[in-house]
Asks: 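The structure that follows is given in the form of structure tokens.
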Amino acid sequence: MMPMILLMALGVQLTHVRPMVHRMRAAASRTDEIVWIYDHTTHGSRRGTHDYVTLGLEDGTRVELQTTHLNDDDRQALLDELQARSPHATFGFSPAYAQAFRSDPRSLRREPQAKPATRDIIAKLVASAPPPRTSARITVAHDCDYAQIGHCMAQCELTLEPGSLRPGIDASEPLGACWSNGSERVVYVFDPETRLRTLAIDGPQAEYVRNDLLNLAYIPVLEAKIPVFLESSDRTDVLRALGAIAFLYPNGPGKLYRGALDRLRAHPDGRIRGAVPQPSSSSGA
């Protein structure tokens, strides 16, 4: 009989980090395809805080099971159940495991082989997953310089495209650059006036690249400081925050930052007034 905690998990939303749905379904039909299981929490100003259990399959596919709706006891029970039924899989997250998974997913396999009892469970979870996002955006902390950004790209196996550097007045701070890994492309833009640094990621695994930059390379982000900068008396801080909002929410931020943005629409500085995004009812908070 299927354990109650796994039944509870069947109704939650899944996110494919890779879009090869047919391969994922084939792998999920065999329990021994799972080589890595770990739980983690993501934080974002737009989506809030969410908990996930990630399943790594031996073909390099990752599936994220959102467990935010579970309480701590039920979440732990789910992890315990998966560990009991998948004894061959490596459990827990570390940068070393992440690198091993990228290089050779099968290296995370342990003995003995998993029992076949969870085949139907994983198959149902994968079948219910929505398509992945093929574009993603990050605003990098203004005090994270180009050299540090380049180091983060290298950690995620992204290579600088020849001729993509756009030099600035300061040779150590180019105005733009592009990195790619063969299927995904990351475009970096630096505004020297406000020191706003943006990364636009495109490709079939864009969300996967974004997750690795945040959770593997630990690239510093600006999002958490946006509310502080919106209230700042420093003109540059305010313009940086407004530029970040315009980049992250091209269709408008909806209810997000509504109070601060309404106040800034009456700001005496015309440059600030002109930079405030227009209200949008189509974007969620």
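Quick caveat, the model's predicted, so the values are computed rather than measured.
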Asks: Who passes side-chain contact (heavy atoms from CB on, under 4.5 Å) against P227, sequence neighbours left out?
Replies: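 Counting only residues at least two positions away or on another chain, P227 forms a side-chain contact (heavy atoms from CB on, under 4.5 Å) with Y257.
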Asks: Less than 4.5 Å apart, side chain to side chain, heavy atoms only: is that true for L239 and I272?
Replies: yes
Asks: Is there a donor in the side chain of E184 and an acceptor in the side chain of S180, or the other way round, less than 3.5 Å apart?
Replies: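 No - no donor-acceptor pair under 3.5 Å links their side chains.
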Asks: Taking L57's backbone N and O only, do any of them form a donor-acceptor pair with T61's side chain (distance below 3.5 Å, no angle check)?
Replies: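 A pair under 3.5 Å: no.
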Asks: Strictly by salt bridge (Lys or Arg N to Asp or Glu O under 4.0 Å), give each pair with a member in residues 242-252 just once, sequence neighbours left out.
Replies: none
Asks: For residues 185-200, which residue pairs qualify under side-chain hydrogen bond (donor to acceptor under 3.5 Å, both in side chains), counting only residues two or more places apart or in two chains?
Replies: E161-R185, E173-R197, Y188-R197, D191-T194, E193-R271
Asks: Does any part of the side chain of D51, heavy atoms only, come nearer than 4.5 Å to the side chain of D39, both counted from C-beta?
Replies: no
Asks: Verify the ring-centre separation between H142 and F229: is it less than 6.0 angstrom?
Replies: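 Ring-ring flag for F229/H142: true, centres closer than 6.0 Å.
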Asks: Donor-acceptor check, side chain of R210 to backbone of A200, threshold 3.5 angstrom: yes or no?
Replies: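 Here the side-chain-to-backbone pair does not exist.
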Asks: Using a distance-only test with no angle check, is there a side-chain donor-acceptor pair under 3.5 angstrom linking D73 and Q76?
Replies: no
Asks: May I have all residue pairs that pass side-chain hydrogen bond (donor to acceptor under 3.5 Å, both in side chains) and include part of residues 228-241, sequence neighbours excluded?
Replies: E231-R263, S232-D237, R235-D269, D237-R240
Asks: With a 4.5 Å cut-off on side-chain heavy atoms, are S135 and E207 touching?
Replies: no
Asks: Identify the heavy atoms of P105 and E58 that sit nearest to each other, and give their distance.
Replies: CB-O, 3.4 Å
Asks: Answer with yes or no after comparing the ring centroid distance for Y52 and H40 against a 6.0 Å cut-off, counting only values under it.
Replies: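 So the answer is yes for these two rings.
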Asks: Answer yes or no: is there a side-chain heavy-atom contact under 4.5 Å between M153 and L213?
Replies: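 Counting from C-beta outward, M153 and L213 do come under 4.5 Å.
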Asks: So, do R258 and P253 sit near enough that their side-chain heavy atoms are less than 4.5 Å apart?
Replies: no
Asks: Which heavy atom in A217 sits nearest to a heavy atom in C156, and how many Å separate them?
Replies: CB-SG, 3.9 Å
Asks: For E223 and L248: C-alpha separation, side-chain torsions, deciding distance, then whether side chain to side chain contact (heavy atoms under 4.5 Å, CB included) applies.
Replies: CA-CA 9 Å; E223 280 90 325; L248 292 170; 3.6 Å; yes
Asks: Can you name the residues that form a side-chain hydrogen bond (donor to acceptor under 3.5 Å, both in side chains) with R265, not counting sequence neighbours?
Replies: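 R265: side-chain hydrogen bond (donor to acceptor under 3.5 Å, both in side chains) contacts with D262.
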Asks: Using every non-hydrogen atom in the two residues, find where A98 and L216 come nearest and quote the distance to one decimal.
Replies: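 Smallest heavy-atom distance, with atoms named: CB-CD1, 3.7 Å.
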Asks: Thinking salt bridges, do D59 and R106 make one under a 4.0 Å N-O criterion?
Replies: no
Asks: Tell me, do L261 and P277 make a side-chain contact under 4.5 Å, heavy atoms counted?
Replies: yes
Asks: Any donor-acceptor pair under 3.5 Å linking the side chain of W36 with the backbone of G92?
Replies: yes
Asks: Are W179 and V189 linked, directly or through intermediate hydrophobic residues, by side-chain heavy-atom contacts shorter than 4.5 Å (ILVMFWY only)?
Replies: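 Each belongs to a different hydrophobic cluster.
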Asks: Under a 4.5 Å side-chain heavy-atom rule over Ile, Leu, Val, Met, Phe, Trp and Tyr, are L165 and V187 clustered together?
Replies: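 L165 and V187: separate clusters.
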Asks: Just wondering, are more than 12 heavy atoms of other shown residues or ligands nearer than 6.0 Å to CZ in F247?
Replies: yes
Asks: Under the rule for side-chain contact (heavy atoms from CB on, under 4.5 Å), what residues qualify as partners of A244, not counting sequence neighbours?
Replies: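 Applying side-chain contact (heavy atoms from CB on, under 4.5 Å) to A244 gives T139, L196, L222, I226.
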